[in-house]
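Comments concern the structure below.
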Amino acid sequence: MLALRPLSVAVGVRVAARRGAVRALSTSAALRYENNRGNVVKGFCGAVGNTPLLRINSLSDETGCEILGKAEFMEPGGSIKDRAALFVVLDAEKKGLLKPGGTVVEGTAGNTGIGLAHVCRARGYRCVIYMPNTQSQEKIDLLRMLGAEVYPVPAVPFDNPDNYNHQARRHAERLDNAVWTNQFDNVANREAHIQTTGPEIWAQTRGTGLDGFICATGTGGTLAGVTSYLKQVSNGQVQCWLADPPGSVLYSYVTSKGAKMERTGNGSVTEGIGQGRITDNMRDDVHKLDNALHIEDEASIAMIYRLLDEEGLYIGASSALNVVAAYRMAQQLGKGSRVVTVICDGAARYQTRLFSRKWLESKGLYEAVPAHLRKYIVLP
């Protein structure tokens, strides 16, 4: 269990004042959310978005705050990346870059590829995915089951021409009627969260107010898009923070106000988050972030098991990192604060790692699982 940090009475007063300023709801956002609930939707693509916002009871009760998670594991393709996948394909169609029977090519650590594979099946396109060979076998298998061509390639830095993103771009260039959707620097990714995720969060917290939003980022789309929307609709009153895993440069960049870009730590077991550069999706919004938290892998692993035991939530490591970050942000903002994060996906895509004693020991993370929760480590 994570230790509570001292709470400041002064911070609590600021939180109360800030909440009063933020309670006013954008009516149009509320209507967009309400009008899409309980309706028949058109296929896979129509089911993307409008996920519940769930209260994490144990953490909320422990801290005296409201810690809320956007249940993105309930997307039709199983992750928040369904939103970006749909928007980048629709954007390519709108621009005339993708015509019937065409091919969508992407470099992805997994979930965007899965979302794209679903969208491509639903809209009649071929799907080709390049991904680092460090990703879980469950993701690779699922992509192939969805009909995608999958090319696991060695994980090398972005400035290396053999980086999986560059290989995806070159593959698309070799084909007719093909598009490289370029999730890291295609701002249609960010637009997905300006148009959907941000308004949904704002609508879902209209009765209680919202003090903070925090999440990790890989492409930058979720963090930048939600931050852009919440800062605009709240007149800057909602605090928006970055959560960053070991091995990423973004924590140093945000906390130094852009003066530094240094890696913190030596890499993480989380997948799809952390970054070594400022992507185009982040470029216009990174300066709007109010703070950043560095989250160690040990805390993320412990939270996976705690949420399974106390909440019945079966989530991945990146999602657990976000929950740890929301927990710590709420503590810093003070009792009574209301903080939202995103629960990106479930644990099924990572279970052969996260619930394997051998794998946990190989990463030095077995001891991070509290002794009374090790009963859930059921794989060798």
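Scope of the values below: all heavy atoms of this structure, side chains included, with no hydrogens, waters or symmetry mates.
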Please tell me if the side chains of [X] and [Y] come closer than 4.5 Å, counting only heavy atoms from C-beta onward.
X	Y	value
N182	R169	no
V187	E191	no
M261	I278	yes
P152	I140	yes
R306	V323	no
L143	M131	yes
C65	L333	no
I295	S300	yes

Checklist entry - Looking at residues at least two apart in the chain, or sitting in another chain, which of them share a side-chain hydrogen bond (donor to acceptor under 3.5 Å, both in side chains) with E93? => result R123, Y125
Nearest-0.5 Å distance, [atom1] of residue [X] to [atom2] of residue [Y]:
X	Y	atom1	atom2	answer
T205	E200	OG1	CD	11.5 Å
Q135	R353	CD	CZ	7.0 Å
S60	E66	OG	CD	5.0 Å

Item to check | Shared hydrophobic cluster, W241 / L59 (ILVMFWY, side-chain heavy atoms < 4.5 Å) | outcome: yes
Item to check | Same apolar cluster (I L V M F W Y, side chains within < 4.5 Å links), V150/Y350 | outcome: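 No, no single cluster joins them.
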Item to check | Within 45° cone of F44 ring axis and under 6.0 Å: R121 NZ or CZ | outcome: no
Checklist entry - What's the verdict on side-chain contact (heavy atoms from CB on, under 4.5 Å) for D159 and R277, showing C-alpha distance, side-chain angles and the deciding distance? => result CA-CA 10 Å; D159 58 6; R277 64 188 180 97; over 6 Å; no
Does [X] pair with [Y] as a salt bridge, N-O distance under 4.0 Å?
X	Y	value
D280	R283	yes
R83	E72	yes
D61	R55	yes
R328	E296	yes
D244	R263	no

Checklist entry - Taking the hydrophobic residues Ile, Leu, Val, Met, Phe, Trp and Tyr, and joining any pair whose side-chain heavy atoms are under 4.5 Å apart, which ones share a cluster with V156? => result none
Item to check | Other ILVMFWY residues reachable from V128 by side-chain steps of under 4.5 Å | outcome: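 V128 shares its hydrophobic cluster with V105, Y130, Y151, V153, Y164, F184.
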Checklist outcome for this item: Residue set satisfying salt bridge (charged side-chain N to carboxylate O under 4.0 Å, His left out) with R190, at least two apart, ordered chain then number -> D285
Checklist entry - So which of L307, L354, I304, L308 actually passes side-chain contact (heavy atoms from CB on, under 4.5 Å) with Y314? => result L308
Item to check | From L68, N322, I315, residue fulfilling side-chain contact (heavy atoms from CB on, under 4.5 Å) relative to I343 | outcome: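 Answer after filtering L68, N322, I315: I315.
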Compare every heavy atom of [Y] with every heavy atom of [X], then report the nearest pair and how far apart it is.
X	Y	result
A155	T134	CB-CG2, 4.0 Å
L293	A325	CD1-O, 3.7 Å
D345	S79	CB-CB, 3.7 Å
R374	V369	NE-O, 2.8 Å

Item to check | E311 side chain to S58 side chain, donor-acceptor N/O pair below 3.5 angstrom | outcome: yes
Item to check | Side-chain donor-acceptor pair present, E106, T181, cut-off under 3.5 Å | outcome: yes
Which atom pairs, one a donor and one an acceptor, fall under 3.5 Å between side chains of residues 221-228 and the rest of the protein, sequence neighbours left out?
residue: T222; atom: OG1; partner: H193; partner atom: NE2; Å: 3.3
residue: T227; atom: OG1; partner: L223; partner atom: O; Å: 2.7

Item to check | Intermediate values then yes/no, side-chain contact (heavy atoms from CB on, under 4.5 Å), M329 and F213 | outcome: CA-CA 9 Å; M329 181 185 194; F213 173 78; 5.9 Å; no
Checklist entry - Could you go step by step and tell me if H171 and Q167 meet the side-chain contact (heavy atoms from CB on, under 4.5 Å) rule? => result CA-CA 6 Å; H171 189 116; Q167 292 200 52; over 6 Å; no
Checklist entry - Quick one: ring pair (Phe, Tyr, Trp, His ring centres under 6.0 Å) partners of Y305, sequence neighbours excluded? => result F355
Item to check | With N111, the side chain to side chain donor-acceptor pair (under 3.5 Å) member among K81, E75, E271, R349 | outcome: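 Testing each of K81, E75, E271, R349 against N111, the sole residue satisfying side chain to side chain donor-acceptor pair (under 3.5 Å) is R349.
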Checklist entry - Does the side-chain contact (heavy atoms from CB on, under 4.5 Å) test come out yes or no for E149 and R126, once each step is laid out? => result CA-CA 8 Å; E149 295 177 34; R126 292 177 59 233; 2.3 Å; yes
